[in-house]
Protein chains: 2
Amino acid sequence: MSTISKENYLKTLYTKDKIENVVVTTSQIAESLNVSNAATSEMAKKLSNQGLVNYKKYKGIELTNRGEKIALNVLRRHRLWELFLMEVLNLTWDEVHDEAELLEHQTSENLIDKIDEYLNFPEFDPHGSPIPNKKGKLPLMPKLKPLLSGEEGATYKVARVSDKNSELIKYFTKIGLTLNKKIKIIEKLTFDNSIVIELNNSSISLSEKTAQSVFLK
Amino acid sequence: MSTISKENYLKTLYTKDKIENVVVTTSQIAESLNVSNAATSEMAKKLSNQGLVNYKKYKGIELTNRGEKIALNVLRRHRLWELFLMEVLNLTWDEVHDEAELLEHQTSENLIDKIDEYLNFPEFDPHGSPIPNKKGKLPLMPKLKPLLSGEEGATYKVARVSDKNSELIKYFTKIGLTLNKKIKIIEKLTFDNSIVIELNNSSISLSEKTAQSVFLK
DNA sequence: TAATTTTGTTAGGCATGCTTAACTTTAATC
DNA sequence: GATTAAAGTTAAGCATGCCTAACAAAATTA
Ligand SMILES: [Mn+2]
Ligand SMILES: [Mn+2]
Ligand SMILES: [Mn+2]
Ligand SMILES: [Mn+2]
């Protein structure tokens, strides 16, 4: 059986495993989900017994095809909800993630398909993340450039921001850093890896931590 | 803490306690929720410790003011979701209850207020049940007549149907028995308490069990 | 009123998902 | 390569919410 907890583990695993392309350790998952390493080790065993992950003690976890399918399905529900809540119900950019984090586990296939249809089968959520379609396929998307690896003097468009921290999203909204906004990289400071960008004709400095959440095209 | 399970108990308690005006026993709740009597007795103790119900062993349970407030809030979320899913997302009359049964527990005050606003602060859900407003107040509503207590020869309007059984709702849809539909009571059969009604110019017989789910004005 | 049936409660157990503390394996450092 | 530090796992225990079986109270019937 897939439970709320299992869905959250699988989804987290997917974003590490398939997006960041790293071998995922139990403690990385633990940190993402704010649970103990012990909880994650236990869950790794359970998911492994159900054939949803491959897990070798001390050697990391990776999704099986079956596990990936579930993860993509949870992501689909999450991202469609986010977009729906913003577009239809006027929730704000920083509010939708936390709501979707719950709704994603209580949404039937029938319901999510209706939402998908209502939104006319969108390909990206409000933070720029791709939405898997009904079959679990992701839209084609150009490889994005992390803000921190952008070049001084160059101009880019904001293509995706991490949605994990609502305070951060609120801050982005406040300074006008939203999706598709043009930004120019003024200066990269090597001593603290912070970065100065031009945005709406004014310059603003972002810490390394903050800048990590922004991706460009 | 209010959990999903507790919300379901309180909501069930409310509909028995305040709607049917009976002293509610643990086994009635157990039956409604499809759990054992034992589970309900335990839960009664927990809810009592939290001041959400008054519970005397062997003497039944009733909601306190605090418990009633929570129950009304769950009902509000449930009924607004039902209406929203029908009106906006084109789910059918028989689908919305089961979806709402889950969504009602994962919906922030902020989100439900947006839904309320989107629907323009409706007073009744798709099955004719009243929707508590943000303050927990129910709309004024005329006292409804159970179909089984209607008079032979008289004509009524369907004002509410129970939404608990989706198969039943599907059947109602099929025979054209929907909200606000006019029906005439042709005959009440005393040997099995079934009832024959006229609906869309044809007559149809409803068993006692089925007729219990229909209320008139 | 006493016996019996029905209703409701308690006891003991189990599954899930978490915790902290103790332990083991792996990686880093000398 | 041995020692130490870091990362990861296991053990023991707790909370929630459910179950069945045994028991107790209340209602029914004789
Ligand atoms: Mn999100
Ligand atoms: Mn979630
Ligand atoms: Mn309902
Ligand atoms: Mn529910």
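Given the structure is predicted, the values throughout are model-derived calculations rather than measurements.
Among the atoms of the strands shown, only primed sugar atoms or phosphate atoms (P, OP1, OP2) are found under 4.0 Å from some heavy atom of Ala39(B). Here Ser41(B) lies in heavy-atom contact (under 4.0 Å) with a base. Among the heavy atoms of the strands lying under 4.0 Å from Thr25(B) are primed sugar atoms or P, OP1, OP2 only; no base atom is included.
Ring geometry, His127(A) versus Trp93(A): the interplanar angle falls under 30°, so the pair is classed parallel (tilted spans 30 to 60°).
A donor-acceptor pair is defined here as one N or O able to donate and one able to accept, closer than 3.5 Å; no such pair exists between the side chain of Glu62(B) and the backbone of Val23(B). Thr26(B) places no side-chain N or O within donor-acceptor distance of the main-chain N or O of Ser41(B), the cut-off being under 3.5 Å. Not one N or O on the side chain of Arg160(B) forms a donor-acceptor pair closer than 3.5 Å with the backbone of Gly128(B).
At whole-Å resolution of the value, CG in Asn37(A) and C1' in dA6(D) are 11 Å apart. Taking atom NZ on Lys45(A) and atom C1' on dA15(C), their separation rounds to 15 Å, with Å as the unit. Separating the CD1 atom of Ile4(B) from the P atom of dG17(C) is a distance of 12 Å, rounded to the nearest angstrom. One atom, NZ of Lys56(A), and another, P of dA7(D), lie 23 Å apart when rounded to the nearest Å. In this entry the distance linking NE2 of His105(A) with P of dT16(C) reads 18 Å, nearest Å.
A sub-4.0 Å separation between OP1 or OP2 of dT9(D) and a side-chain N or O of Thr26(A) is present. For the OP1/OP2 pair of dA6(D) and a distance below 4.0 Å, the side-chain nitrogens and oxygens of Tyr58(A) include no atom meeting the criterion. Distances shown here put a side-chain N or O of Lys57(B) below 4.0 Å from the OP1 or OP2 atom of dT10(C). In this model, the phosphate group of dC18(C) is approached by a side-chain N or O of Tyr9(A) to a distance below 4.0 Å at OP1 or OP2. OP1 and OP2 of dT25(C) both lie 4.0 Å or more from every side-chain N or O belonging to Lys59(A). Between Ser36(B) and dC19(D), a side-chain N or O to OP1/OP2 separation shorter than 4.0 Å is present. Listed pair Thr3(B) / dG17(D) meets the phosphate criterion, a side-chain N or O lying under 4.0 Å from OP1 or OP2.
For Ala38(A), counting side-chain heavy atoms from C-beta on, the closest listed nucleotide (dT10(D), dG17(D), dT9(C)) is dT10(D).
The residue among Tyr55(A) and Glu42(A) whose nearest nucleotide of DNA chain D is located toward the 5' end is Tyr55(A).
Taking the charged nitrogens against the carboxylate oxygens, Lys114(B) and Glu117(B) have no contact shorter than 4.0 Å, which rules out a salt bridge.
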